[in-house]
Structure formats: C-alpha cells, structure tokens
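Below you'll find the structure, written out as structure tokens, and then a few comments.
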Amino acid sequence: MSNETKVNIDEEAIIAMLTLRASALGEKDAKGALSHETEDSVEFSLAPPLVYHGKDEAGLRAWFNTWEGPIGGDVCDAKLTVGGDVAFWSGLTRMTGTKTDGTEVDLWFRQTLGLVKRDGRWMVSHQHASVPFAMDGSGRALLDLKP
C-alpha cells in the first residue's frame, strides 16, 4: 500500500470518528462522546479550570444538563494533518442551542484536536478550545466574532 493510500485511509477513519463524536456531543450522549477519547486525554476547554486530565463523564453530563434539546454545531476552515500514528485537526467550530435558562447560544470558537492511533483506532488525546480576547487591556472575551 502506498503512503498516500495509507494517509487517505487514515483521513477517512479520522473524519468518520470525529463525525460520530460530534453527533454524540450534539445528542448530549456523554458516554458516546467520551468513547472517542483516550483515558489519558488532556483538555483545555472554554470552561474552567485551566486543564482537565482524563475523562470526566459526570462533568460532561452536568454541562449537557444546562442545555434544552440538542446542541447544534458547524465547522469551517478545518484542516487535518496525518503523520504515522499521530494527527491533528484544527478549525473554527460553531456551537448553537438554547440553555435551560432560555439563553440562545450562537458561539464560534477556535478548536484544535490532537489525535493518536491506538490498537488501530483513532482517538482524541488532546483538545484545545479558545476565543480571542480584547487586546485593549480589558481582557474581555470576544464572543461575537464570526468567520
């Protein structure tokens, strides 16, 4: 098998996994979403604390409970780079939906995922999500930016 063919097979497997993971997140299926993460995953989320280590199913379920109905999403400017048994994905991610207090959410943020292939299966081992902040000294998060 040529290296190009192997990369294409890996890219297809990664995209399929990320699609399943996104569906589980949208459907608020914590167990399903976390099944695509390594046990030793590291996450730099939009929410505190600064870093999460490992899987936090209870925490993810608690966050899902703050949403009415499914959580929507879109992606743009996605890029996937594969090299051997590691890969990374980056893009702009949109999260939409309604919180239990009635707040409508329509947020674009930056996301990078580090991926590893373990026992023939691609999994998320590193996550980073962020929004820009105002450089005017206020430190205000810029939540209204759109691609």
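Two residues are said to be in side-chain contact when any heavy atoms from C-beta on lie closer than 4.5 Å; Lys31 and Ser35 fail this criterion. Looking at heavy atoms from C-beta onward, Val42 lies in side-chain contact with His53 at the 4.5 angstrom threshold. For the pair Val75/Trp108, no side-chain contact is recorded, criterion being any heavy-atom separation below 4.5 Å from C-beta on. When side chains are defined from C-beta on, His36 counts as touching Met17, because their heavy atoms get closer than 4.5 Å. Under the 4.5 Å side-chain criterion, counting only non-hydrogen atoms from C-beta, Pro132 is in contact with Leu145. Inter-residue side-chain proximity for Leu60 and Leu34 is flagged as met; some heavy-atom pair is nearer than 4.5 Å. In this structure the side chain of Arg21 reaches within 4.5 angstrom of the side chain of Val124, judged on heavy atoms. Here the side chains of Met95 and Phe109 are in contact, with some heavy-atom distance below 4.5 Å.
Connection of Phe44 to Leu113 is not established within any shared hydrophobic cluster, with ILVMFWY side chains joined at heavy-atom distances below 4.5 Å, either directly or through further cluster members. Residues Leu20 and Ile71 are members of separate hydrophobic clusters, defined by side-chain heavy-atom contacts under 4.5 angstrom among Ile, Leu, Val, Met, Phe, Trp and Tyr.
Thr103 contributes no side-chain N or O that, together with a main-chain N or O of Lys99, makes up a donor-acceptor pair within less than 3.5 Å. No donor-acceptor distance shorter than 3.5 angstrom exists from the side chain of Ser41 to the backbone of Glu37, with no hydrogens or angles considered. Here the side chain of Lys28 pairs a donor or acceptor atom with the backbone of Trp67 at under 3.5 angstrom.
In summary, of the residues considered (Val82, Val116, Leu18), a side chain to side chain contact (heavy atoms under 4.5 Å, CB included) with Trp122 occurs for Val82 alone.
Within 6.0 Å of atom NZ in Lys79, 12 or fewer heavy atoms from other residues, nucleotides or ligands are found, so the atom counts as exposed in its surroundings.
If you take CG on Leu92 and NZ on Lys146, they are separated by 12.0 Å, rounding to the nearest 0.5 Å.
A donor-acceptor contact closer than 3.5 angstrom links the side chains of Thr98 and Glu104.
Of the charged side-chain nitrogens involved, at least one lies within less than 4.0 Å of a carboxylate oxygen, so that Lys55 and Glu39 count as a salt-bridged pair.
His128 and His126 have parallel rings, their planes meeting at less than 30° on a 0 to 90° scale where 60° marks the start of perpendicular.
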Subject >> Evaluation steps, side-chain contact (heavy atoms from CB on, under 4.5 Å), between Phe88 and Leu80 >> reply: CA-CA 6 Å; Phe88 69 90; Leu80 176 62; over 6 Å; no
